[in-house]
Amino acid sequence: MSEVRVVLVGAQPAQRSVPTGTTAGDLLAEDRTAVLARVSGTLRDLTHELADGDVVEPVTLDSPDGLAVLRHSTAHVMAQAVQELFPQARLGIGPPITDGFYYDFDVPEPFRPEDLERIEKRMRELVKEGQSFARRVVSDEQARAELADEPYKLELIGLKGPGAEAAAEGASVEVGGGELTIYDNTRRDGSLAWKDLCRGPHLPSTRHIPAFQLMRSAAAYWRGSEHNPQLQRIYGTAWPSRDELKAHQARLAEAARRDHRRLGAELDLFSFPDEIGSGLAVFHPKGGALRKTMEDYSRARHEAAGYEFVYSPHISKSALFEVSGHLDWYAEGMYPAMHLDEERDAAGTLRRAGQDYYLKPMNCPFHILIYRARGRSYRELPLRLFEFGSVYRYEKSGVVHGLTRVRGMTQDDAHIFCAKEQMAAELASLLRFVLDLLRDYGLDDFYLELSTKDPEKFVGTEQAWEEATQTLRAAAEASGLELVPDPGGAAFYGPKISVQARDAIGRTWQMSTIQLDFNLPERFDLTYTAPDGSRQRPVMIHRALFGSVERFIGVLTEHYAGAFPAWLAPVQVVGIPVADSHVEHLQRVAASLREHGVRVEVDTSDDRMQKKIRTAQKQKVPFMLIAGDEDVSKGAVSFRFRDGTQDNGVPVQQALDRILEAIATRVQV
């Protein structure tokens, strides 16, 4: 019997000689935790037959790859259950996503909650049956014949190739490689239960799905385009154990408690009036106080760091975005053009041609024009321009989400123009500045992501991109933070570092971005006079600290669950009189606090004291100052905190000092 030699990766990699025809599952038979194998760098089913020279590594259910395959396999089980219960359902796609999976279906009526209960019940029965996932390669013609009743699958077959993932959102789980495969779900007697077009890999059987739950259904356009049919999407989640599923459910409950949309209404911070439009927020006085405080502190820090403030309009002629490349690379994210300034005579004859104007999606071209407004010397570099600039992006209605995904936003945008020899030092300083400022707002658990060139969507030379990428990588590595690669994730004009911050419940948010750009200075012909009198090209660094002010407020609201530290709280102090006779005393205390810029209110409503306390607690006010007869007579107040603890008889001056110190040091109370 012929043999092949393979290497089994483990604590001590070992070379093995095994009979020809040995599968990855045969080789890993003694490892009961292995549900997949990475064979010479490619993820494979355990039924994959090994070849000479293969390097085999076991993959467990709780690994990132194992989790993704667990969730995709569970999506297949869900699709099988749907088609058994709703035979008219036609299949879309069903990829794994963060913490779960979804599958799209074309059905006559939207799914109801009771439908999801029936589907989940049937899924549990299929899991207990222990059906196997069996892979087979098919030709395009075979696939079309077998899936003749699945119009969306037939469309995906036509997309087969390296561009399939971009051509159809999530399609890479089904097509995209050089061959087509179908996975059969087979019963224990070998009979076919169900099948689906899929690249795989999959778990050995449905019995390897320990814990799952269907979450909700929603409408979704086929291939993410509103020009295509609207399908019904069912979302679910799957985990390696029931305990992990329960922990996930607890995290979801905590996330719902912290949802900034709910808190924004309860705390009277902001709203989204239908009359204005989707994704366009208005900030109420309390939200305005929070936003102003946040922006004012950022302005002060930028001034101290040598930034200069600029302002630019919200609209521009199309020529600006043609030169910048936005109309070539970003047009789908821009609002449609407004055709203006056209003039015709009474007979309708054109006297003056009009021009297209666009709402700006980015501030960078405007800052470039400010740089280019006059000649620049090396003595002015680095030139750091900063603006709280409003931009507008036409996000699809299905992705608009509270403040974290909006159509109108204010970016805290900075653009730094520097000489190439200043670039490395400027990036290192900039990254320190960004991280320190984020820490001041209470975020301190970071890692960095390095987004590199999209080979299909970029401008400039390979050499410029390589130099920019290596310079960014060096700055990121020097920070000492974990650096995670994001291949192909850069904007069209240059690579970027993004600061990823974990919030109070462990969720990751993209915060600041730093992008190195050799291309826009070239496109706009930017120069400066060097020490030797020659004209040199500056390097441009794009930097958004918050990303957008709106999104940052949404993130902070959820991070603090609405209980902002005293320096950020919309109302920092509430005076609560025991009786009307104590109002004057608290008004004097409030006046003293206002002299120091403290945001303070005195509750003079007709409510009883206990209700006033509950109201202040619901509004998550950091400090409640209560005054009764004894407090007034002693020139004191009683402190009550958000957690219900109380400190009685505190002299007024001491109370003021305590509050002012908490605000100045930005501590949580």
Side-chain angles (χ1 to χ4, degrees), residues 257-258 262-271 283-294 296-297 442 553 556-557 560-669:
R257 186 181 75 84
R258 292 170 177 263
R262 179 180 64 81
L263 289 169
E266 290 179 2
L267 302 178
D268 196 21
L269 301 178
F270 53 82
S271 61
F283 282 82
H284 302 188
K286 289 181 179 178
L290 167 63
R291 178 169 176 161
K292 181 178 183 299
T293 302
M294 196 176 81
D296 286 350
Y297 182 69
I553 288 174
L556 285 187
T557 301
Y560 289 115
F564 297 101
W567 77 282
L568 283 174
V571 178
Q572 296 167 315
V573 181
V574 167
I576 299 176
V578 174
D580 289 345
S581 58
H582 309 126
V583 169
E584 185 178 350
H585 173 66
L586 286 174
Q587 292 284 22
R588 288 195 297 270
V589 175
S592 297
L593 287 167
R594 289 191 188 101
E595 288 178 1
H596 291 88
V598 177
R599 297 182 290 277
V600 56
E601 298 176 353
V602 177
D603 189 342
T604 58
S605 68
D606 293 333
D607 293 334
R608 295 170 63 87
M609 183 187 71
Q610 290 303 323
K611 186 174 181 182
K612 292 179 181 181
I613 290 173
R614 286 196 300 273
T615 298
Q617 285 177 323
K618 286 182 179 179
Q619 288 295 300
K620 304 182 186 293
V621 178
F623 298 109
M624 287 165 268
L625 301 183
I626 302 172
D629 289 338
E630 188 173 346
D631 294 302
V632 172
S633 66
K634 292 182 177 180
V637 290
S638 293
F639 263 99
R640 187 178 178 91
F641 302 96
R642 282 190 284 223
D643 63 1
T645 59
Q646 196 157 314
D647 188 1
N648 297 324
V650 179
V652 168
Q653 187 57 52
Q654 186 179 329
L656 266 60
D657 291 343
R658 251 198 233 183
I659 292 167
L660 294 174
E661 183 182 5
I663 293 170
T665 55
R666 297 185 299 279
V667 296
Q668 181 62 294
V669 295

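Atom CG of residue Leu568 and atom OH of residue Tyr560 lie 6.5 Å apart, to the nearest 0.5 angstrom. How far CD of Glu595 is from CG of Leu656: 9.0 Å, rounded to the nearest 0.5 Å. Atom-to-atom distance recorded for Met624:CE and Asp603:CG is 11.5 Å, nearest 0.5 angstrom. Taking CZ from Arg291 and CG from Asp296, the interatomic distance works out to 11.5 Å, rounded to the nearest 0.5 Å. Note: Leu586 CG to His582 NE2 = 9.0 Å, rounded to the nearest 0.5 Å. With rounding to the nearest 0.5 angstrom, the CD atom of Gln587 is 7.0 Å from the OG1 atom of Thr604.
The shortest distance between side-chain heavy atoms of Gln572 and Val600 does not fall below 4.5 Å. Looking at heavy atoms from C-beta onward, Val652 lies in side-chain contact with His585 at the 4.5 angstrom threshold. Taking the side chain as every heavy atom from C-beta outward, Arg642 and Lys620 approach each other to under 4.5 Å. Annotation: side chain of Phe564 is in contact with side chain of Leu556 (closest heavy-atom distance under 4.5 Å). Contact of the Val573 side chain with the Val598 side chain is registered, since non-hydrogen atoms from C-beta on lie closer than 4.5 Å. Counting heavy atoms from C-beta on, the side chains of His284 and Leu269 never come closer than 4.5 Å.
For the residue pair Arg614/Gln619, the side-chain donor-acceptor check at 3.5 Å is not satisfied. A donor-acceptor contact closer than 3.5 angstrom links the side chains of Thr293 and Arg599.
When every heavy atom of Pro622 is checked against every heavy atom of Ala566, the shortest pair comes out as CG-CA, 3.8 Å. Counting all heavy atoms, side chain and backbone alike, Ala590 lies closest to Val602 at CB-CG2, 3.9 Å. The shortest heavy-atom contact between Lys612 and Pro577 is NZ-CG, 3.8 Å. Minimum heavy-atom separation, Pro565 to Arg666: CB-O, 4.5 Å. Taking every heavy atom of both residues into account, Ile553 and Thr557 meet most closely at O-OG1, 2.7 Å. Considering every non-hydrogen atom in both Val637 and Ala655, the closest pair reads CG2-CB, 3.7 Å.
No more than 12 heavy atoms of other residues, nucleotides or ligands sit less than 6.0 Å from atom CD of Glu630. For CD of Gln654, the number of neighbouring non-hydrogen atoms (other residues, nucleotides, ligands) closer than 6.0 Å is greater than 12. The neighbour count for Asp643 CG, taken as heavy atoms of other residues, nucleotides or ligands under 6.0 Å away, is above 12.
Look at Arg658 and Asp647 and you find a salt bridge, because one of the NZ, NE, NH1 or NH2 atoms lies within 4.0 Å of a carboxylate O, short of that distance.
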### Trace of the side-chain contact (heavy atoms from CB on, under 4.5 Å) decision for Arg640 with Leu625
CA-CA 6 Å; Arg640 187 178 178 91; Leu625 301 183; over 6 Å; no
### Task
List the steps and the verdict of side-chain contact (heavy atoms from CB on, under 4.5 Å) for Gln646 and Ile626.
CA-CA 10 Å; Gln646 196 157 314; Ile626 302 172; 4.1 Å; yes
### Task
List the steps, then state whether side-chain contact (heavy atoms from CB on, under 4.5 Å) holds for Val669 with Phe623.
CA-CA 8 Å; Val669 295; Phe623 298 109; 4.0 Å; yes
### Intermediate values then yes/no, side-chain contact (heavy atoms from CB on, under 4.5 Å), Ile659 and His596
CA-CA 10 Å; Ile659 292 167; His596 291 88; over 6 Å; no
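A donor-acceptor distance shorter than 3.5 angstrom exists from the side chain of Thr665 to the backbone of Glu661, with no hydrogens or angles considered.
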